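These notes are about the structure you will find just below.
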Protein chains: 2
Amino acid sequence: MREMQRQREVQDMLRTAGLRPTRQRVALAELLYSRGNRHISAELLHEEAEAADVPVSLATVYNTLHQFTEAGLLREVAVEGTKTYFDTNTDDHHHFFIEGDNRVIDVPGSGVSMTRLPEAPEGMEIVRVDVVIRLRRKD
Amino acid sequence: MREMQRQREVQDMLRTAGLRPTRQRVALAELLYSRGNRHISAELLHEEAEAADVPVSLATVYNTLHQFTEAGLLREVAVEGTKTYFDTNTDDHHHFFIEGDNRVIDVPGSGVSMTRLPEAPEGMEIVRVDVVIRLRRKD
DNA sequence: ATTTGTGCAAATCGTTTGCATCTGA
DNA sequence: TCAGATGCAAACGATTTGCACAAAT
């Protein structure tokens with residue numbers, strides 16, 4: 001069935017990234033990548049895993065998210081606040097952040113463009129430019 | 001002397017913002033605003049206060065920073081990482097973030113400009129746009 | 001006098017770490 | 001076999017909170 005098919009894909013993805021496809025990693029990867037782009041916190045992913053009958057410790061969820069990030073399968077989103085979000089979309093793109101319900105969503109298409117990026121200071125190079133558009137519910 | 005002059009200015013600033021000019025708040029405001037624009041963490045401000053012989057508890061530093069922020073005297077800078085930075089420059093401007101030494105600095109002038117800001121999703125309005133340019137030391 | 005702010009210590013939250021135990025190649 | 005992964009619980013750092021005390025109007 002479809003289930004096994006997806007597992008194999010995920011395993012290959014992990015192997016390609018140089019990560020052993022363990023039970024937990026495969027399960028987490030499936031949760032992450034089987035529903036389009038997501039912006040998820042460690043805690044929420046942990047809950048989803050439990051709900052899906054995949055017992056994983058929170059520590060392992062953190063380890064896994066960081067490994068995926070280093071392997072280029074995820075991207076950390078720098079939003080203010082204490083929580084860290086991981087984005088399954090690693091392409092160059094920007095984010096809306098909804099104050100209040102603390103949700104992160106992608107800016108569709110290339111809705112932002114920058115003209116005149118400033119020069120990096122002496123001896124520095126630009127790693128990435130993050131744009132976060134803070135939103136509030138209109139009342 | 002100059003010292004008292006500055007105190008009065010700061011007291012007025014606080015009163016105008018609707019905050020009682022208490023000993024601690026005046027002292028913290030002086031530290032914040034007497035040396036040009038700063039990007040400072042609660043912990044560092046606390047240390048500076050101690051060093052300046054103004055005993056303030058860390059809790060009060062946090063309270064004060066948040067009150068100043070609500071009053072529009074400060075702006076929280078959304079950089080990833082656990083620590084929160086407060087910026088004494090509340091104008092519209094963007095930031096460099098130096099990975100490694102976790103420093104935040106202002107992008108000078110209006111070195112960045114955005115064309116085509118995306119529309120806010122239905123029922124939402126844009127509060128602010130934060131741009132963080134991540135830098136790494138060139139090797 | 002009344003309201004508002006402060007200090008302290010304990011509590012909380014998200015995240016990381018140490019280490020003994022398991023598991024996949 | 002055995003390097004590498006996992007789970008657990010304890011450790012951690014930053015921030016917050018509750019409450020008795022102190023200071024500002």
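Lettering of chains follows the sequences in order, A, B, ..., and the numbering in each one begins at 1. Treat the numbers as computed from the prediction; the structure is a model and nothing was measured.
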message: Base contacts versus sugar-phosphate-only contacts with protein, heavy atoms under 4.0 Å: please encode nucleotides 17-25 of chain D as B, S and - from 5' to 3'.
response: B------BS

Option among B:Val131, B:Ile133, B:Val104, B:Val132 that satisfies the side-chain contact (heavy atoms from CB on, under 4.5 Å) test with B:Phe96: B:Ile133

Whole-Å distance separating the CD1 atom of B:Ile40 from the P atom of D:dT15: 12 Å

query: Between B:Arg25 and B:Phe68, is a side-chain contact (heavy atoms from CB on, under 4.5 Å) present by the stated rule, with each step listed?
result: CA-CA 9 Å; B:Arg25 299 214 263 231; B:Phe68 284 14; 4.2 Å; yes

- line: When B:Thr82 and B:Val61 are each assigned the nearest nucleotide of DNA chain C, the 5'-most assignment goes to B:Val61

message: Please confirm whether the shortest side-chain N or O distance from B:Tyr62 to OP1 or OP2 of D:dT15 is below 4.0 Å.
response: yes

- prompt: Can you tell me how far NE2 of A:His39 sits from CG of A:Leu44, rounded to the nearest 0.5 angstrom?
  reply: 13.0 Å

- prompt: Under the side-chain contact (heavy atoms from CB on, under 4.5 Å) test, which residues partner B:Ala120, sequence neighbours left out?
  reply: A:Leu135, B:Met124, B:Ile126

- prompt: Roughly how far, to the nearest 0.5 Å, is the CZ atom of A:Arg103 from the NE2 atom of A:His95?
  reply: 12.0 Å

message: Any base atoms under 4.0 Å from B:His66, or only sugar-phosphate, or nothing? Heavy atoms, all strands.
response: sugar-phosphate

Spacing between B:Leu65 atom CG and D:dT15 atom P, to the nearest angstrom: 10 Å

query: CG of B:Leu44 versus P of D:dG13: gap in Å, rounded?
result: 17 Å

Gap separating the OG1 atom of B:Thr88 from the CD1 atom of B:Ile40, nearest 0.5 angstrom: 9.0 Å

task: Report which part of the nucleic acid B:Thr84 touches: base, sugar-phosphate, or nothing (heavy-atom distance under 4.0 Å, all strands).
output: sugar-phosphate

task: State the CG-CD distance between B:Leu65 and B:Glu76, to the nearest 0.5 angstrom.
output: 8.5 Å

message: A:Asp130 vs B:Arg134, test: side-chain contact (heavy atoms from CB on, under 4.5 Å). Steps then yes/no.
response: CA-CA 8 Å; A:Asp130 285 341; B:Arg134 259 148 242 285; 2.9 Å; yes

query: Could you state the CD-C1' distance from A:Glu70 to D:dG4, rounded to the nearest angstrom?
result: 15 Å

- prompt: Under 4.0 Å between a side-chain N/O of A:Ser57 and OP1 or OP2 of D:dT6, yes or no?
  reply: no

- prompt: Along DNA chain C, 5' to 3', what are the outermost nucleotides having an atom less than 4.0 Å from a heavy atom of chain A?
  reply: C:dG14 to C:dA25

- prompt: What's the NE2-P distance between B:His46 and D:dA14, to the nearest Å?
  reply: 13 Å

field: Nearest-0.5 Å distance, CZ of residue B:Phe97 to CZ of residue A:Arg128
entry: 11.0 Å

- request: Grab the NZ-P distance between B:Lys83 and D:dT15 for me, whole Å please.
  value: 7 Å

